[in-house]
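All of these numbers come straight from a predicted model, not from anything done at the bench.
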Amino acid sequence: MNLFNGENLDNWDILIDDKGTDKNLFTVENGMIHVYAQQADQSLQSFGGIVSKEEYGSYILTLEYKWGEKKFQPRHEFVRDAGIIFHMHGDDVIWPNGVECQIQEGDTGDLWAIGTRVLSTVQNVIRNYSEKGDTITRGNQEHRFQRFHRAYCWENPGWNTVKLIVKGNEAIYEVNGKIVNRAFDMKYWNENLNEWKALTKGRILLQAEGAEIFYRNITIEIL
């Protein structure tokens, strides 16, 4: 089913930080979500996201994205950056707890554990994802952001397809049909129990992170 209906953002909440003055970061046009459509190139802008109103546990999420030309302070001198945070939980802040599939020039498919604990398999020389690599755990309370690099960047000029195959506390990342990362044994910190517990569901967030980007054909298949 369509997670984005191509007409409006009625199925989404909007989350914006307090850094910029213009909070209208997401515009729907021609069946696409246009991020930073009205903002002047190189201007100082907020980061933000659109967040699904519903939580999801096991599903296949597919979307297409392409970069625009504009970049914004404070990331105007860096590569273009965005991403998908799934199994979002906890406080609605920028950036919330969850697991990210990064969308970034040269790094699409990197895995970020944000306030979570994640296992993946890592090649022991270049330290990128490898199906036959060593099992590594990243994510703890001292370091809120922890990263697993993708196996390879399969991003193309123009439109690209990202697919997340999420089954409870496991996920596979595909970029343009290629598996580039995997997450196993995803966990969140339960403050009441003072221990890590299985992270099996949450909301989905699409990022605005200082670069003009277009999202379209956002679908979800419940497993």
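- Between Tyr36 and Phe72, a ring centre-to-centre spacing shorter than 6.0 Å is recorded.
- Across all their heavy atoms, Asn190 and Leu193 have their closest contact at OD1-N, 2.9 Å.
- By the 4.5 Å heavy-atom criterion applied to side chains, Asp22 and Ser46 are not counted as neighbours.
- In this structure, the separation between CZ on Phe47 and CD on Gln207 is 9.5 Å, given to the nearest 0.5 Å.
- Side-chain contact between Ile213 and Arg80 is absent, with no heavy-atom pair separated by less than 4.5 Å.
- Relative orientation of the Phe86 and Tyr173 rings is perpendicular, given thresholds of 30° and 60° on the angle between their planes.
- When every heavy atom of Ala82 is checked against every heavy atom of Tyr215, the shortest pair comes out as CB-OH, 3.5 Å.
- The backbone N or O of Gln42 sits less than 3.5 Å from a side-chain atom of Gln73, completing a donor-acceptor pair.
- With Lys163 contributing its side chain and Ile179 its backbone, the two residues share no donor-acceptor pair below 3.5 Å.
- At least one donor-acceptor pair under 3.5 Å links the side chain of Thr121 to the backbone N or O of Ser130.
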Might you work through the side-chain contact (heavy atoms from CB on, under 4.5 Å) test for Asn11 and Leu3, ending with a clear yes or no? CA-CA 7 Å; Asn11 294 330; Leu3 194 57; 5.9 Å; no

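- Minimum heavy-atom separation, Arg150 to Asn128: O-ND2, 2.8 Å.
- The cationic group of Lys178 lies under 6.0 Å from the six-membered ring centre of Trp154 and within 45° of the ring axis, placing it in a cation-pi geometry.
- In this structure, Trp112 CH2 and Gln102 CD are separated by 6.5 Å, a value rounded to the nearest 0.5 Å.
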Could you go step by step and tell me if Arg144 and Asn97 meet the side-chain contact (heavy atoms from CB on, under 4.5 Å) rule? CA-CA 9 Å; Arg144 188 164 176 265; Asn97 293 333; 3.0 Å; yes

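- Within the 4.5 Å cutoff, the side chain of Val166 has no heavy atoms near those of the Val99 side chain.
- A distance of 6.0 Å separates CG in Leu15 from CE in Met88, rounded to the nearest 0.5 Å.
- Exactly one of Val118, Asp107, Ile114, Leu111 qualifies for a side-chain contact (heavy atoms from CB on, under 4.5 Å) with Arg147. That residue is Asp107.
- Put simply, the side chain of Asp41 gets close to the backbone of Lys71: a donor and an acceptor are under 3.5 Å apart.
- Heavy-atom contacts from other residues, nucleotides or ligands closer than 6.0 Å to CZ of Phe145 number more than 12.
- Here the side chains of Phe78 and Gln104 are not in contact, with every heavy-atom distance at 4.5 Å or above.
- Rounded to the nearest 0.5 angstrom, Thr27 OG1 and Phe214 CZ are separated by 10.0 Å.
- Heavy atoms only, all atoms of each residue included: Glu209 and Arg75 are closest at O-CD, 3.3 Å.
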Go through the steps for Arg203 and Asp13 under the test side-chain contact (heavy atoms from CB on, under 4.5 Å), then give the verdict. CA-CA 10 Å; Arg203 291 182 290 165; Asp13 295 321; 3.9 Å; yes

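- Contact detail for Ile16 and Lys23: the closest heavy-atom pair is CG2-CD, 3.6 Å.
- To the nearest 0.5 Å, atom CG of residue Leu61 and atom CD1 of residue Ile204 are 5.0 Å apart.
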Assess whether side-chain contact (heavy atoms from CB on, under 4.5 Å) is satisfied between Leu206 and Phe26, documenting all intermediate values. CA-CA 10 Å; Leu206 304 184; Phe26 301 93; 5.8 Å; no

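- No donor-acceptor distance shorter than 3.5 angstrom exists from the side chain of Asp91 to the backbone of Val93, with no hydrogens or angles considered.
- The shortest heavy-atom contact between Thr108 and Tyr65 is OG1-OH, 3.1 Å.
- Considering only heavy atoms from C-beta on, Val122 stays 4.5 Å or farther from His149 through its side chain.
- The structure places NZ of Lys201 at 11.0 Å from CD of Glu54, a figure rounded to the nearest 0.5 Å.
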